[in-house]
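Note sheet for the following structure.
Read the numbers this way: they start at 1 and go in the same order the structure lists the ligands and their atoms.
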Amino acid sequence: MNTLDKTSRLKVALQKSGRLTDNSLDLLVRCGLKYSRGKDQLMCFGENMPLDVLFVRDDDIPDLVQEDVCDLGILGLNVIEEKRLAFQAQGVAPLFDQLMVLDYGKCRLSIAVPDGTEYKDARSLHGKRIATTYPYILGRYLRDNDVAAEVVTLSGSIEIAPRLGRADFICDLVSTGSTLIANHLWEAETILESQAAIITTPVAVSAFKQEWIHRLSMRIDGVQQVKESKYIMLHAPRAKLADIKKLLPGSESPTIVPLDGVSDKVAVHAVCRENVFWETLESLKSAGASSILVLPVEKMLA
Ligand code: PRP
Ligand code: ZN
């Protein structure tokens, strides 16, 4: 492996500063990446993997990947969908491919209304001005609901548009909801659910890069599975084994190990792919299990 050859290094675009930045970098680190950060903070150079990270505005990521400036991009489904619709409107086929959806960055694109203003359903939007940075997704929603409203496309600070008199309603991303509360708005309707995803360049990459994209996606799968997974070890009376196995959440066939000098009990070891709650342990104990240990799983490769 030649990790120093610049032409064979994967370039990954990440959001510069926002809800996906920390989680995305953390994901790459969990996939094994060790990096040094450039002085300007705009790039991270992979030290042990042929992979560099570019920090950019999330709205620019689809173009950077589409134009093959970057091989991969991590961004919200909201931005991907908006870009797809924008390309469609221009009669251009979106060429970037969606590689996989990630388990973080959950948020929603919603219609929000100033406190004190009524909203019943989509028909309440009729004849109103709605400020957004997502004109295509909003436009589709209005068409689907047969509503004639004016879409006011702004580039940012959507939440202050009603106070400035530029719009009656807004259509913006909501995560915790604190931006809406701070701006005296309430969330009336969700029009799109979103979370993080990875897109890849449409351009054929070298076999070497392809191999690394494959390795990275396998590792991401592993990282995502591990988050919820636990390794459970317990002692079970042979007579209760069937009941106890049924209680192990999301586990495939557990390993049964004999216990030295004890004939009526066995040790059960299982990887549980779902969260293990205190309630589960209590049920296992009631079913006859003892010496129950729950351990975190650090890495997993299917
Ligand atoms: C969104 C949105 C709000 C904020 C809502 O911006 O425009 O400002 O997040 O989050 P909250 O419900 O947790 O308060 P985002 O971080 O996506 O930045 P961007 O739109 O500039 O890319
Ligand atoms: Zn953005």
query: Within the distance-only criterion (no hydrogens, no angle test), does the side chain of R129 pair as donor or acceptor with the backbone N or O of G165 below 3.5 angstrom?
result: yes
Would you say E189 and Y119 are linked by a side-chain donor-acceptor pair, where the criterion is simply a distance under 3.5 Å?
yes
Output for ligand 1, non-hydrogen cut-off under 4.0 Å, lists Q15, R19, D58, E159, D172, L173, V174, S175, T176, G177, S178, T179
Atom name of the N, O or S atom of D58 nearest to the Zn ion (ligand 2) is OD1
How about D146: does its CG atom have over 12 heavy atoms from other parts shown lying under 6.0 Å from it? no
Residue pairs meeting side-chain hydrogen bond (donor to acceptor under 3.5 Å, both in side chains), one or both in residues 270-287, sequence neighbours left out, come to Q225-R273, E252-R273
Sorted by chain and number, sequence neighbours left out, ring pair (Phe, Tyr, Trp, His ring centres under 6.0 Å) with H126 holds for none
Under a 4.0 Å threshold between the charged nitrogen and the carboxylate oxygen, would K83 count as salt-bridged to D63? yes
To the Zn ion (ligand 2), the closest N, O or S atom belonging to D59 is OD1
Residues 97-107 vs side-chain hydrogen bond (donor to acceptor under 3.5 Å, both in side chains), sequence neighbours excluded, gives S24-Y104, R84-Q98, D103-K227
